[in-house]
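Keep in mind it's a predicted model, so treat the numbers as computed, not measured. In what follows, every chain begins at residue 1, and chains take the letters A, B, ... in the order their sequences are listed.
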Protein chains: 2
Amino acid sequence: MDGRLARGEETRRATLARAVDIATVDGLEGLTVGRLAGELGFSKSGVFAHFGSKEELQLATVEFATQVFIDQVVRPGLRAPRGVPRLMALFELWMRFSRERVFPGGCFFSAVSAEFDARDGRVRDLVVARNRQWAGLLVAVAADAVADGQLPADTDVDQLVFEVNALGRAANEESLTTRDDTPYTRAETGVRHRLGV
Amino acid sequence: MDGRLARGEETRRATLARAVDIATVDGLEGLTVGRLAGELGFSKSGVFAHFGSKEELQLATVEFATQVFIDQVVRPGLRAPRGVPRLMALFELWMRFSRERVFPGGCFFSAVSAEFDARDGRVRDLVVARNRQWAGLLVAVAADAVADGQLPADTDVDQLVFEVNALGRAANEESLTTRDDTPYTRAETGVRHRLGV
DNA sequence: GAACTATTTGACCGAACGTTCGTATAAAAA
DNA sequence: TTTTTATACGAACGTTCGGTCAAATAGTTC
């Protein structure tokens with residue numbers, strides 16, 4: 001075990017990186033094996049062999065996006081002081097993640113959960129679970145803020161997190177339709193107002 | 001010209017009604033001519049002939065959904081007294097429209113704008129235009145509320161409408177993932193808080 | 001260098017895709 | 001009644017879909 005990736009693992013990683021990019025723009029259904037292979041310069045069967053089925057490719061893509069989100073948003077956000085500062089850090093890192101177009105279609109989970117919201121199956125279940133994890137994290141951080149007296153004792157943290165999430169998602173989506181940055185300003189204004197900072 | 005629809009217009013209407021249902025669940029790309037024909041008991045070419053291309057079918061589907069939205073949300077909402085009551089009526093009718101699953105996948109425009117947000121083309125342009133019209137309507141109604149002194153004179157109506165829209169969309173999307181009604185309660189709580197009612 | 005395993009390829013499958021075409025049928029117009 | 005027009009059909013087009021498989025290529029181990 002040296003530091004380098006095994007040969008197959010390397011192409012798998014490159015494949016998923018491209019898959020995430022495609023999925024944020026054209027959805028996890030618009031993500032096709034043939035297109036993926038074409039853009040990567042691989043053969044269709046070569047790409048396919050790494051996953052075994054389209055559904056497994058979709059699931060792996062979701063998990064890959066999850067890791068990127070954890071690396072770029074969750075982990076650095078958790079380094080901020082607990083309570084309101086941590087909540088604000090998580091929100092701002094999320095918005096930066098969307099605004100800087102780490103993925104060309106903005107936030108992966110906004111795009112994909114809207115796509116699979118009304119369906120059934122393993123992909124939907126995974127996306128819903130990841131969304132729940134994110135909301136759960138925000139609720140825990142908000143609860144800390146209440147416990148520490150940074151937010152009023154009667155704060156409804158579920159309501160607060162619902163609103164924070166709503167503003168963040170709306171900023172992501174509206175920035176894609178309007179093609180400018182003002183929605184991010186609006187979302188931050190709304191969240192700051194809600195947190196009293 | 002008697003009251004009845006021409007024969008072709010009738011099937012066109014039935015086709016679009018089904019198309020909207022499909023699109024809210026599987027998107028405007030998941031909407032295929034073959035599937036549409038199968039579910040309606042028509043031939044593929046018979047359905048296709050009404051639209052001439054897939055893109056035209058998608059555009060017609062968006063316009064059909066627009067009409068339903070106008071009939072069920074906009075028109076009755078505008079009958080409420082101007083200002084805050086009208087804004088609240090529009091919001092609540094929108095939420096009822098989503099909650100009662102007039103379309104099986106909830107709000108058509110939430111689903112479809114998320115799908116086409118990051119793309120190019122005529123369908124995206126039309127969806128964006130319809131979203132703008134809706135936001136513009138809300139802004140005008142909110143401006144009335146400010147002018148009538150129902151909202152503070154320094155109210156940022158664009159900010160207000162951004163937040164109302166964010167909460168409404170989040171309620172629609174989250175009710176689809178959680179599969180219960182509590183998101184609608186949260187959205188209404190948030191909006192009422194913002195409007196001071 | 002041989003043997004073995006991991007990786008990638010290219011040729012192929014049946015099904016579904018959007019689309020075109022010629023034709024049948026039924027209502028409306030002449 | 002004849003002619004025209006609107007409407008729907010069935011068969012087929014080329015393409016792409018997800019998926020399979022044996023053969024070739026590369027890397028590693030002996």
Side-chain angles (χ1 to χ4, degrees), chain A residues 1-20 22-23 25-62 64 112 115-116 119-124 126, chain B residues 1-19 22-23 25-62 64 112 115-116 119-124:
Chain A
M1 262 265 190
D2 56 22
R4 278 185 316 214
L5 294 164
R7 196 162 64 98
E9 192 57 32
E10 208 169 339
T11 55
R12 186 188 149 95
R13 196 171 276 259
T15 303
L16 288 175
R18 184 65 66 119
V20 174
I22 293 174
V25 176
D26 291 314
L28 279 172
E29 295 293 354
L31 170 67
T32 72
V33 181
R35 177 178 174 187
L36 203 44
E39 294 190 11
L40 289 163
F42 286 123
S43 69
K44 220 171 71 159
S45 46
V47 169
F48 190 86
H50 282 280
F51 305 98
S53 76
K54 166 121 193 211
E55 190 178 44
E56 289 297 335
L57 167 63
Q58 292 175 321
L59 293 168
T61 303
V62 174
F64 186 87
V112 164
E115 185 182 5
F116 282 85
R119 304 191 199 181
D120 292 302
R122 294 209 290 153
V123 177
R124 183 207 118 101
L126 180 60
Chain B
M1 263 262 187
D2 57 22
R4 278 183 319 210
L5 295 164
R7 196 161 64 99
E9 193 57 33
E10 208 171 339
T11 56
R12 187 188 148 96
R13 194 171 278 259
T15 303
L16 288 175
R18 185 65 66 119
I22 293 175
V25 175
D26 291 313
L28 279 172
E29 294 295 354
L31 171 67
T32 72
V33 182
R35 177 177 173 188
L36 204 44
E39 294 189 11
L40 289 164
F42 284 121
S43 70
K44 230 171 61 157
S45 50
V47 169
F48 188 85
H50 282 280
F51 305 100
S53 76
K54 166 122 191 210
E55 192 178 43
E56 290 296 336
L57 167 63
Q58 291 175 323
L59 292 168
T61 303
V62 174
F64 186 87
V112 164
E115 185 182 5
F116 282 84
R119 305 190 198 180
D120 291 302
R122 293 209 291 153
V123 177
R124 184 208 115 99

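- If you take CZ of B:R35 and C1' of C:dT19, they are 20 Å apart, rounded to a whole angstrom.
- The CD atom of B:E55 sits 14 Å away from the C1' atom of C:dT19 (whole-angstrom rounding).
- Side chain to side chain, B:T15 and B:H50 fail the donor-acceptor criterion of an N or O pair below 3.5 Å.
- Taken to the nearest 0.5 Å, the CD atom of A:E29 stands 8.0 Å off from the CG atom of B:D26.
- By the 4.5 Å heavy-atom criterion applied to side chains, A:L36 and A:L57 are counted as neighbours.
- B:L31 and B:K54 make their closest contact through O-NZ, 2.8 Å (heavy atoms, listed as atom of the first residue, atom of the second, distance).
- Looking only at side-chain heavy atoms (C-beta outward), A:F51 and A:T61 stay at 4.5 Å or farther from each other.
- Rounded to an integer number of Å, the gap from B:L36 CG to C:dC17 P is 11 Å.
- If you take NE2 of A:H50 and C1' of D:dG18, they are 17 Å apart, rounded to a whole angstrom.
- Protein atom CG of A:L57 is 11 Å distant from nucleotide atom C1' of D:dG18, rounded to whole Å.
- When rounded to the nearest whole Å, the span between NZ of A:K54 and P of D:dC17 equals 8 Å.
- Among the heavy atoms of the strands lying under 4.0 Å from B:S43 is at least one base atom, whether or not backbone atoms are also near.
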Taking distance alone, no hydrogens or angles, what donor-acceptor pairs closer than 3.5 Å link side-chain atoms of residues 37-44 of chain B to residues at least two apart or in another chain?
| unit_1 | atom_1 | unit_2 | atom_2 | d |
| --- | --- | --- | --- | --- |
| B:E39 | OE1 | B:R18 | NH1 | 3.1 |
| B:E39 | OE2 | B:R35 | NE | 3.0 |
| B:S43 | OG | B:G46 | N | 3.0 |

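- The A:S53 side chain lies nearest to D:dG19 when the options are D:dG19, C:dG18, D:dA8.
- Closest approach of B:G30 and B:I22 over heavy atoms only: O-CG2, 4.3 Å.
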How would nucleotides 20-29 of chain C be written as a contact map, 5' to 3', with B for base contact, S for sugar-phosphate-only contact and - for no contact, using protein heavy atoms under 4.0 Å?
-> BB--------
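- Side-chain contact check for B:E55 versus B:R122: some heavy-atom pair is nearer than 4.5 Å.
- We find that CD of A:E56 is positioned 10 Å from P of D:dG19, with the value rounded to whole Å.
- Here CG of A:L59 is found 15.0 Å from CZ of A:F64. Values are rounded to the nearest 0.5 Å.
- The side chain of B:V33 lies closest to C:dG18 when the candidates are D:dG18, C:dG18, C:dT8.
- One atom, CZ of B:F51, and another, P of D:dA8, lie 11 Å apart when rounded to the nearest Å.
- Each end of the helix from C:dG1-D:dC30 to C:dA30-D:dT1 yields a helix axis from five base pairs, and these two axes differ in direction by 10° (to the nearest 10 degrees).
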